[in-house]
Every structure is written in structure tokens, then in C-alpha cells.
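Below is one structure, written out as C-alpha cells; the observations come after it.
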Amino acid sequence: MQNRNHSFLGAFGLCFLVLITGFGIGVVFAILQSVTKLNLDAKVITAIGNSASFGLAIWIGLKISEKEYSEVLRLNPFKPLEALSFAITAIGFSFLLSEVDNLFSMLVPKPDFIINLFQGLFDGENIFLSVILLSVVAPITEELMFRGVILDRLLKYFSVSSSFLISSLLFGLIHLNPWQFIGSSILGIYMAWVVYKTNSIWNSILIHAVFNGIPLIVLHGLQLEIPGFSAPIAGKIQVLQPLWLDLLGLLITCFGLSLTFFLFRNRNEKIA
């Protein structure tokens with residue numbers, strides 16, 4: 001029991017370190033920009049803060065681990081067909097979990113600063129920075145942390161299902177945004193399962209990158225403003241997505257998962 005407590009507190013402590021470090025970096029940049037002529041884009045500051053804060057926590061987590069870094073982080077190669085099935089599922093999840101967040105937002109309306117934050121990340125200004133932040137920086141740092149260091153730590157003393165759940169809840173909590181918590185936690189459980197089954201963190205990085213990138217592709221690549229998904233919130237009133245998008249998301253998710261289970265079954269048959 002004591003080892004379990006230490007494992008959980010250690011995982012929670014790493015998350016707390018990320019938040020404190022990120023906050024400190026934000027304060028430093030705010031001071032620099034107020035006393036100098038430095039004028040960095042908010043997305044650049046966020047990317048730097050994310051990389052530095054998660055990087056520090058990952059480094060500490062690896063230092064206190066008794067395993068090789070590559071083993072903790074599961075830096076094994078992925079299988080292309082399996083990775084394709086995960087990417088397809090991530091597309092479906094992007095549509096479905098967006099609607100989950102919409103439903104929660106209708107029950108608990110978002111404050112203006114949260115609305116402005118989301119729209120700032122997905123607006124057309126510096127779209128390249130948005131792609132780098134959402135589909136490169138965040139997937140790499142957050143996956144190495146949650147599906148790497150933290151999941152490995154929890155698996156030492158907790159059951160597989162409990163480890164998936166705890167790491168995913170911490171993943172949801174670290175966003176400090178109740179409107180992302182449910183969707184992030186569900187996605188986190190799926191990514192933990194994928195990493196555990198494949199022993200490759202590259203798969204969860206891919207899932208995370210695709211999941212974050214789909215709204216950018218729909219809005220700026222396809223030039224589609226879909227209410228409840230990629231269109232700005234009109235009048236600050238939350239709306240649901242069109243039913244066809246929910247059904248499409250369900251169809252894509254089921255297809256992706258079916259393909260994954262088929263490939264996993266073939267893998268098991270070959271091993272046997």
C-alpha cells in the first residue's frame with residue numbers, strides 16, 4: 001500500500017511540477033515583455049513553456065526510474081498498418097469527443113476567457129505556429145510524460161486498468177480546464193491502452209497529433225466552418241454539432257477500432 005501511495009504521489013508530484021514550472025515561465029515572459037520591447041507570439045511562449053516544464057518533469061521522472069530510458073518511454077518502432085488504424089480512430093474520436101465537450105459546455109457554460117483561448121489556438125493567425133504547438137510540441141511532451149514516465153511508474157504497483165485510469169485522469173486534470181477534462185480523459189485511456197498493447201509510445205504521439213490537428217485541417221485546410229466543431233462560437237452560446245458529423249465520427253471510430261482489433265488478432269496468431 002505504501003508503494004502504491006508513493007507511486008501515485010510521485011505521478012501527481014510530476015504533474016504539479018509541470019504546472020508550477022509552466023506558471024513560472026509564463027510570469028518571466030510577462031515581465032520581460034512589460035519591461036523590454038520583446039513581443040513574442042502567445043503561441044511561441046506556450047510552446048516554450050510546455051517544452052521546458054514537461055521536459056524538466058520527464059527528466060526527473062527518468063532519473064528516479066530504475067529502468068533504461070528507452071524502456072520507460074517505450075521507444076520501440078511502430079507497425080505502419082496498426083498506426084494507420086490508430087490515426088483513423090483518432091479522427092473519429094476528434095469528432096465524437098468534441099460533441100462530448102459541447103454537451104458539457106451546455107450544462108456548464110464556458111467563461112469568455114476560455115472561449116477566447118480556444119479560438120486563439122485555432123484562429124487563422126500564425127497557423128504554422130498552431131500546427132507546431134498542437135500537433136508536434138504538445139503530443140511529444142505530453143505523451144512522453146503521461147504514457148511514458150507516469151504510466152510506467154503506475155504499472156509497477158497498480159493494475160493495468162487502474163494505471164490507465166489514473167494516468168488518464170491526471171492527463172485530463174493537467175489541462176486545468178473542466179471543459180476539456182472528460183474528452184482528454186477518455187482519449188487518455190485509449191492512448192494508454194494502445195501504448196500498453198503495442199509497447200510503442202510513437203503510436204500515442206501519432207494519435208494525439210491527429211486528434212489535435214483535425215480541427216485545424218477542417219477549418220483551415222478544407223475551409224469548413226462546422227457549428228460546434230470548427231466554427232467560432234457565435235454570440236458566446238454553445239451549440240451542438242450537426243447530427244451527420246456525430247454519425248460520421250461514430251462510423252470512423254468503429255471502423256478504426258475494428259481494423260485495430262483485426263490487426264491485433266493477426267499479431268497474436270503469428271506469435272502463437
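Reckoned from all heavy atoms, side chains included, excluding hydrogens, waters and symmetry mates. Bear in mind that the values here come from a model prediction, so they are computed numbers and not experimental data.
- When all heavy atoms of S230 and L219 are compared, the pair lying nearest together is O-CD1, 3.4 Å.
- For the pairing with T198, the side chain to side chain donor-acceptor pair (under 3.5 Å) check across N76, N203, T260 returns one residue only, N203.
- In summary, the aromatic rings of F261 and W193 are positioned with their centroids under 6.0 Å apart.
- No continuous path of hydrophobic side-chain contacts links I45 to I31 [ILVMFWY only; heavy atoms under 4.5 Å].
- Annotation: side chain of V210 is in contact with side chain of I91 (closest heavy-atom distance under 4.5 Å).
- Between the side chains of S204 and E143, a donor-acceptor pair is found at a separation under 3.5 Å.
- Side-chain heavy atoms closer than 4.5 Å link hydrophobic residues (I, L, V, M, F, W, Y) into clusters, and following such links, possibly through other members, connects I150 to Y69.
- Atom CG of L216 sits about 11.5 Å away from atom CG of L222, to the nearest 0.5 Å.
- Atom OH of Y190 has more than 12 heavy atoms from other residues, nucleotides or ligands within 6.0 Å.
- Taking a 6.0 Å sphere around NZ of K79, one finds it holds 12 or fewer heavy atoms contributed by other residues, nucleotides or ligands.
- Summarising the geometry, atom CD1 belonging to I201 is positioned 8.5 Å from atom CZ belonging to R74; distances are rounded to the nearest 0.5 Å.
- Counted by atom type alone, N50 and T141 present one or more donor-acceptor pairs between their side chains at under 3.5 Å.
- Rounded to the nearest 0.5 Å, atoms CZ (R147) and CE (M191) are 3.5 Å apart.
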Item to check | Stepwise side chain to side chain contact (heavy atoms under 4.5 Å, CB included) test for L144 and V149 | outcome: CA-CA 6 Å; L144 291 178; V149 171; over 6 Å; no

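- Inter-residue side-chain proximity for F86 and L81 is flagged as unmet; no heavy-atom pair is nearer than 4.5 Å.
- You'll find the side chain of L170 reaches within 4.5 Å of the side chain of F146, heavy atoms only.
- One distance of note links CZ of F229 with CG of L224; it measures 10.0 Å at 0.5 Å rounding.
- Atoms SG and CG, on C15 and L173 in that order, are 8.0 Å from each other to the nearest 0.5 Å.
- Within 6.0 Å of the OH atom in Y196, the count of heavy atoms belonging to other residues, nucleotides or ligands does not exceed 12.
- Residues I166 and L19 are members of one and the same hydrophobic cluster, defined by side-chain heavy-atom contacts under 4.5 angstrom among Ile, Leu, Val, Met, Phe, Trp and Tyr.
- Taking the six-membered ring for Trp, H208 and F171 have ring centres closer than 6.0 Å.
- Shown here for S184 and G172, the closest heavy-atom pair between the two residues is CB-CA, 3.9 Å.
- Using a 4.5 Å heavy-atom threshold, the side chains of V239 and N102 count as separate.
- Residue F29 places its CZ atom among more than 12 non-hydrogen atoms of other residues, nucleotides or ligands, all under 6.0 Å distant.
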Item to check | Worked check of side chain to side chain contact (heavy atoms under 4.5 Å, CB included) between L247 and L251 | outcome: CA-CA 6 Å; L247 294 177; L251 179 64; over 6 Å; no

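- In this structure, F93 has its ring center no closer than 6.0 Å to that of F211.
- Residue L259 holds its CG atom at 5.0 Å from OG of S85, rounded to the nearest 0.5 Å.
- Linking ILVMFWY side-chain heavy atoms closer than 4.5 Å, directly or via other members, places Y157 and L9 in a single hydrophobic cluster.
- K156 and S7 share no side-chain donor-acceptor pair at under 3.5 Å.
- The shortest heavy-atom contact between F158 and S162 is CB-CB, 4.1 Å.
- The two residues F104 and P178 make their nearest non-hydrogen contact at CE2-O, 3.5 Å.
- With a 4.5 Å cut-off on side-chain heavy atoms, P227 and Q241 do not count as touching.
- Residues L96 and L107 fall into different hydrophobic clusters, defined by Ile, Leu, Val, Met, Phe, Trp and Tyr side chains chained together at heavy-atom separations under 4.5 Å.
- Side-chain contact between F181 and S185: present, with at least one pair of heavy atoms (C-beta onward) separated by less than 4.5 Å.
- Within 6.0 Å of CD in Q223 there are more than 12 heavy atoms belonging to other residues, nucleotides or ligands.
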